[in-house]
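Report on one structure; see the data block that follows.
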Amino acid sequence: MPKPTSITQLADAARDLAGLSFADLAQQLQQPVPADFSRHKGWGGMLIELALGASAGSKPEPDFPDLGVELKTLPISATGQPLETTFVCVAPMTDACQQTWQTSALRKKLAHVLWVPVLADKGLSPAQRQIGSPFLWRPSAAQEQALQQDWQELTDLLALGKIQQVNAHLGEYLQLRPKAANGKIRTQAIGENGQQVWAQPKGFYLRTCFTSWILREQFAPN
DNA sequence: TAATGATCATAT
DNA sequence: ATATGATCATTA
């Protein structure tokens, strides 16, 4: 489909995907379906992007630049629990000290998200994965505060040259994990005395407890 | 068995 | 090299 020109048009198009299997959608779009994800980890996300007319490529922009909306698929179990963490963006390794929450890439990325839940229980092949009910989301005040707190803690460590102390155990809702082609990749980072050092690239990921919070608010508000 | 650390494909 | 799209696979 062509680029959606309004939020409403995007939401309508997304809603029409609900209930389709990846096999269904791939057939409609004349796309080949991989037998497994081992060498096609981003295939599902790309398929949804294609279906909704998201901008192609790897530009550091929202998927729908004109609408300011980011697209994220979310693998869930039959009971609606997220099955994986959600990658958001790479971490600022060399200019963490110049970052603020208000100007951060993470806040910008999560300001407006079209979540597309996908039933992805183990045993389901890519073809068998089934698209759930997509929904538009903006972080609530409580959610933004939770993200900000973790982001500040993690970004402070990077800014203060404590990258060697950084691991995925830190952060309640947000964590930093490796984000690279392999474990040998190194990028410039800030060392203990403010000097340049080489370190493994990291990315910000949403823990499943955070995406579970989003799903709860969306589907079981109290 | 959930979570962490590692990895795969493609585009720029 | 670094951004995009994520899931894999080993650990705890």
Exercise. Does A/R129 count as lying over the ring of A/F22, i.e. NZ or CZ under 6.0 Å from the six-ring centre, within 45 degrees of the axis?
Worked result: no
Problem set entry | Cation-pi geometry met for A/K179 and A/F87 (6.0 Å, 45°) | yes
Problem set entry | CD/A/E192: more than 12 non-hydrogen atoms of other groups inside 6.0 Å | no
Rounded to the Å, how far apart are [X] [atom1] and [N] [atom2]?
X      : N      : atom1 : atom2 : answer
A/L124 : C/dT7  : CG    : P     : 13 Å
A/F204 : C/dT4  : CZ    : P     : 13 Å
A/R186 : C/dT2  : CZ    : P     : 13 Å
A/K41  : B/dT10 : NZ    : P     : 13 Å
A/L50  : B/dA11 : CG    : P     : 13 Å
A/E49  : B/dT10 : CD    : P     : 15 Å
A/I48  : C/dT4  : CD1   : P     : 19 Å
A/L52  : C/dG5  : CG    : P     : 13 Å

Exercise. Hey, do the aromatic rings of A/F219 and A/F135 have their centres closer than 6.0 Å?
Worked result: yes
Does the side chain of [X] get closer than 4.0 angstrom to OP1 or OP2 of [N] through an N or O atom?
X      : N     : value
A/Q200 : B/dG5 : no
A/K179 : B/dT7 : no
A/T85  : C/dA6 : no
A/T86  : C/dA6 : no

Exercise. How do A/R177 and A/A91 order along DNA chain C: which one's closest nucleotide is nearer the 5' end?
Worked result: A/A91
Exercise. For the base of C/dA6, is there a side-chain donor-acceptor partner from A/Y205 under 3.5 Å away?
Worked result: yes
How is [X] classified with respect to the nucleic acid when contacts are heavy atoms under 4.0 Å: base, sugar-phosphate, or nothing?
X      : result
A/A180 : base
A/K184 : nothing
A/Q188 : nothing
A/K122 : nothing
A/G42  : base
A/F37  : sugar-phosphate
A/P75  : sugar-phosphate

Seminar exercise, completed: Contacts of A/M46 and A/Q175 projected onto DNA chain B by closest heavy atom; the upstream (5') one is A/Q175
Seminar exercise, completed: Of A/H40 and A/A168, the one whose closest nucleotide on DNA chain B sits nearer the 5' end is A/A168
For this session: Determine to 10° how strongly the helix from B/dT1-C/dA12 to B/dT12-C/dA1 is bent, judged from the axes of its five-pair ends.
Result: 30°
Exercise. Which value, rounded to the nearest 0.5 Å, describes the distance between A/R177 atom CZ and A/Y205 atom OH?
Worked result: 5.0 Å
Seminar exercise, completed: Of C/dT7, B/dT7, B/dA9, the nucleotide closest to the side chain of A/R39 is B/dA9
Problem set entry | In one Ile/Leu/Val/Met/Phe/Trp/Tyr side-chain cluster, 4.5 Å: A/V88, A/M46 | no
Exercise. Which of these, A/Q143, A/E217, A/E70, sits in a side-chain hydrogen bond (donor to acceptor under 3.5 Å, both in side chains) with A/W137?
Worked result: A/Q143
Exercise. Would you call A/L74 and A/T86 a side-chain contact if the rule is heavy atoms closer than 4.5 Å?
Worked result: yes
Exercise. Using 30° and 60° as the class limits, which term best fits the ring planes of A/F37 and A/W43: parallel, tilted or perpendicular?
Worked result: tilted
